[in-house]
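Within every chain, numbering begins at 1; the chains are lettered A, B, ... in the order of the sequence lines, protein sequences first and strands thereafter.
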Number of protein chains: 2
Amino acid sequence: MTGAETGTQAAPRADPAAHDGAPSGHEVLAVVFQIRCDRLSVLLWRRARPPYEGRWVLPGGRLGRAEGLDSSIRRQLAQKVDVRDLAHLEQLETRGDPGRHPQGRILATAYLGLVPADIDPVVPEDTSWHPAGELPEMGFDHAAIVHSGRRRLRAKLSYTNVGFALAPPEFTVSQLSRYYRAALGHDVAATNLRRVLLRRGQIEETGGFVPSGRSGGRPAALFRFRTRRLEITDAFAVLRPPAGG
Amino acid sequence: MTGAETGTQAAPRADPAAHDGAPSGHEVLAVVFQIRCDRLSVLLWRRARPPYEGRWVLPGGRLGRAEGLDSSIRRQLAQKVDVRDLAHLEQLETRGDPGRHPQGRILATAYLGLVPADIDPVVPEDTSWHPAGELPEMGFDHAAIVHSGRRRLRAKLSYTNVGFALAPPEFTVSQLSRYYRAALGHDVAATNLRRVLLRRGQIEETGGFVPSGRSGGRPAALFRFRTRRLEITDAFAVLRPPAGG
DNA sequence: ATCAGTTTTTGCCTGTAAGACAAAAACCGG
DNA sequence: CCGGTTTTTGTCTTACAGGCAAAAACTGAT
């Protein structure tokens, strides 16, 4: 539903609307993840000016005077990627330690964004993807924020259907298991993943098949996520209400 | 460890330190829960001035110019309750819709705080506890924030040991099941709760017993939480790493 | 002292879910 | 048709949650 179906091009362009008047003492940032070449990668941006000139930082920027947080992060991200590529976006945390920013106490509200693996968004010159496992030297407290994002993503893969935001619209089980492996950081048996997600009703067969790869093998069935909006697995409400009520 | 052992007195007093200069356009709020008379209750405060004069609102206030978020919410709460009574405090969410505040776009970072059931903090005149099930008419978007807090608490009771922050240092299983019932909103069988929390290693017997109540009955064993810091139940990392590694 | 009532504790049973493993199915190229 | 490869299905084990009933341990009254 979030427009993740087709490869994209749009991208670098300053948004004229929104963002009125002088900036406030608040910024919004986004940890945007995508699985690229079987590795969890995060979108970073190279600062051209001090402080932290030349360091890599998270996309984002100052919040406009009369801007909402959600609209602001969408506006800021639009300067880096096509926002329609974001299959999921949720608030992560807000940091406000004095000292996190050299120019004084500037609060930052961080978001977690996910881009499906089949998309290759065009990004500006100063922007590129970095494996979350080998982050470059980053400015401010942004490396810590990336780690928060990873933890959140890992947790939610366990008890929600966020997978939909990492996977393309259609996929085979073994492809999906590779996405999960990249995001979770450990092997995920395809045969188990299939049953877990099927039983939870998260995925379903599309009916299509994919001819087996170069070296033969049984053709793989195609699956899709039943919904592309976040749902939590109710089996995870332990201490749940008693049977009769 | 958070000083939850004894009934408390300290409370209303403006904190002279901290909070320098003019307030920023950011406020911190706290949803402080406590189980009182077997009901989940939230600490509210009656506004004496417009906007929303006379309405109930969450404790908190403007963030000082050079103040960190955590220190600010602690400072603000100190004006309502003894902060040492808080057995747990975590960031909840940040809201920034323009329109959430009549005086312009003012961001609010909300926290979730928990006070053990055995404590009866002295609170100022304008402050009191309200059952979370029957909230009074509240100002701003604070009612929505209370609901966020309830959802967060409910979820964390399932997959963490936050119970320690609701229960007194020692308790019987049936007492604990009443706390869980109040917080979760549905019955919790004591016999189940016992086994679940014991197997998870969250609680342990102290060795003490409580003489049965007025009408007889077998004396109940006393339990305590093994740790009073937040820990997530690892059994809840589904899609976990394979056995051999 | 014994008995009825009450509450806690223990034990047993069931259902569900996850994970490991092996066998079967379906395709490729030669 | 055969070996190699990948996916799919099926079986088994383990772990945990939850329901239920019996046993244990106490109180107060007869």
Query raised in the report: Could a donor-acceptor pair under 3.5 angstrom be found where the side chain of A:Arg195 meets the base of D:dT11?
Result: yes
Query raised in the report: Side-chain N or O of B:Ser174 less than 4.0 angstrom from OP1 or OP2 on C:dT8?
Result: yes
Report task. Return the value, rounded to whole Å, for the distance between atom CG of B:Asn192 and atom P of C:dT10. Result -> 14 Å
Report summary line: Considering only heavy side-chain atoms of A:Pro219, the closest of D:dT8, C:dC27, D:dC26 is C:dC27
Query raised in the report: Can you check whether A:Asn161 reaches A:Leu230 side chain to side chain, under 4.5 Å on heavy atoms?
Result: yes
Requested in this report: When you get a sec, tell me which of D:dT8, D:dG18, C:dT9 is the closest nucleotide to the side chain of B:Val196?
Outcome: D:dG18
Query raised in the report: Rounded to the Å, how far apart are B:Leu198 CG and D:dC16 C1'?
Result: 14 Å
**Report entry** Gap between atoms CZ and C1', on A:Arg218 and D:dG3 respectively (whole Å)
**Finding:** 18 Å
Query raised in the report: Any idea which of C:dT9, D:dT7, C:dT7 is nearest the B:Ala220 side chain?
Result: C:dT9
Report task. Please work out if A:Ala221 contacts a base, only the sugar-phosphate, or nothing of the nucleic acid, heavy-atom cut-off 4.0 Å. Result -> sugar-phosphate
Query raised in the report: Starting at CD1 of A:Ile203 and ending at C1' of D:dT7, how long is that distance when rounded to a whole Å?
Result: 14 Å
Report summary line: Rounded to whole Å, CZ of A:Arg178 lies from C1' of D:dT7 at a distance of 13 Å
Query - Backbone of A:Val57 reached by a side-chain donor or acceptor of A:His142 within 3.5 Å - result: no
Query raised in the report: How many Å lie between CG on A:Leu184 and P on C:dA18, as a whole number?
Result: 14 Å
**Report entry** Whether B:Arg226 side chain and B:Gly201 backbone form a donor-acceptor pair below 3.5 Å
**Finding:** yes
Requested in this report: Report the residue (B:Ser215 or B:Glu205) whose heavy-atom-nearest nucleotide on DNA chain C is the more 5′ of the two.
Outcome: B:Ser215
Query raised in the report: If you take atom types as modelled and just measure distance, does the side chain of A:Arg199 reach the base of C:dG19 with a donor-acceptor pair under 3.5 Å?
Result: no
**Report entry** NZ/NE/NH1/NH2 to OD/OE distance under 4.0 Å, B:Glu134 and B:Arg39
**Finding:** yes
Report task. Let me know the distance between CG of B:Leu176 and C1' of C:dT9, rounded to the nearest Å. Result -> 16 Å
Requested in this report: May I have the distance from B:Arg194 (atom CZ) to D:dG19 (atom P), rounded to whole angstrom?
Outcome: 17 Å
Query raised in the report: Do the ring planes of A:Phe223 and A:Phe171 sit parallel (below 30°), tilted (30 to 60°) or perpendicular (above 60°)?
Result: parallel
